[in-house]
Amino acid sequence: MMIAAHHVNHEQYEVQKGDYLTKIAKEKLGDAAKWKDLYAWNKKTIGNDPDSIEIGQKLDMHVKAVVSHKKAAEKPKVTAHANNLDGWIRQALDVMHQHGIPGTYQGIYRKVMEESGGNPKAINLTDSNAAAGHPSKGLLQAIDSTFKAYHVDGTSWDIYDPVANIVACCNYAAKAYGSIDNVYGAY
């Protein structure tokens with residue numbers, strides 16, 4: 001049996017007269033609601049106003065493309081990592097790479113230190129999420145619904161599992177901001 005491996009292909013789209021992000025997202029990504037993803041991927045080019053795209057501007061489309069085929073019996077090489085923050089981040093990056101989720105060690109480490117100080121059992125009982133009955137949990141402080149929505153196959157369903165927490169949160173950040181590396185402040 002053959003399975004397809006995917007990666008993110010950074011195809012570009014040139015803005016045409018009459019284009020706006022919702023229209024481009026609907027026509028090129030198949031879903032008008034993906035305008036937010038399109039904006040996040042191109043915020044540096046577009047600037048702070050998502051309505052300010054210009055004719056001729058090149059937009060990164062982050063289109064998934066099939067790049068290779070592997071036999072299903074072939075298992076990806078698993079690298080052993082230490083059972084500490086460094087190892088969890090490195091293992092998460094391995095999983096993210098296999099699933100085409102962008103992010104760097106530095107970006108993850110910075111955000112982990114901001115959110116939990118490196119404590120995989122951290123729980124925030126004082127913010128608005130907690131007040132609503134949905135406290136943020138784990139290394140990157142996900143609420144249960146976000147963790148479940150952005151969970152990545154092959155990782156634990158335990159929100160406190162450091163690797164699963166990192167990967168799910170980076171998957172969310174990739175969809176909302178283009179990468180965890182682009183997240184400064186609350187997300």
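Hydrogens, waters and symmetry mates are skipped; everything else that's a heavy atom, side chains included, is used.
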Axial cation check for Tyr184 ring with Arg110, 6.0 Å and 45° limits: yes

Check: Asp158 main-chain N/O paired with His151 side-chain donor or acceptor under 3.5 Å: no

Ser116 side chain vs Val112 backbone, donor-acceptor pair below 3.5 Å: yes

Passing option when Lys137 is tested against Asn129, Asn124, Asp144 for side chain to side chain donor-acceptor pair (under 3.5 Å): Asp144

Over all atoms of both residues, closest heavy-atom pair of Ala168 and Phe147: CB-CD1, 3.7 Å

Pair His81-Asp94, side-chain donor/acceptor within less than 3.5 Å: yes

side-chain contact (heavy atoms from CB on, under 4.5 Å) between Ile123 and Tyr160, intermediate numbers included: CA-CA 9 Å; Ile123 184 167; Tyr160 292 106; 3.6 Å; yes

Verdict with reasoning, Ile24 to Ile53, per side-chain contact (heavy atoms from CB on, under 4.5 Å): CA-CA 11 Å; Ile24 297 168; Ile53 61 173; 4.0 Å; yes

Check: Asp161 main-chain N/O paired with Asn165 side-chain donor or acceptor under 3.5 Å: no

Closest heavy-atom pair and its distance - Thr22, Ala32: CG2-CB, 3.5 Å

Shortest non-hydrogen contact between Ala174 and Pro102, atoms and distance: CB-CD, 3.7 Å

Asp19 and Tyr13 side chains, donor-acceptor separation under 3.5 Å: yes

Inter-residue atom distance Asp127.CG - Gln141.CD, 0.5 Å rounding: 7.5 Å

Derivation of the side-chain contact (heavy atoms from CB on, under 4.5 Å) call for Lys58 and Thr45: CA-CA 8 Å; Lys58 305 269 190 205; Thr45 304; over 6 Å; no

Flag if over 12 foreign heavy atoms under 6.0 Å of NZ, Lys23: yes

Donor-acceptor contact present, side-chain Thr104 to main-chain Gly107, <3.5 Å: yes

Test log, rule side-chain contact (heavy atoms from CB on, under 4.5 Å), inputs Leu140 and Lys111: CA-CA 7 Å; Leu140 285 172; Lys111 197 65 186 156; 3.7 Å; yes

Donor-acceptor pair between Trp88 and Asn83 side chains, under 3.5 angstrom: yes

Any donor-acceptor N/O pair, Glu115 side chain to Met113 backbone, under 3.5 Å: no

Atom pair CD/CG of Gln98 and Leu93 - distance to nearest 0.5 Å: 11.5 Å

Neighbour count above 12 (heavy atom, 6.0 Å) for Tyr109 OH: no

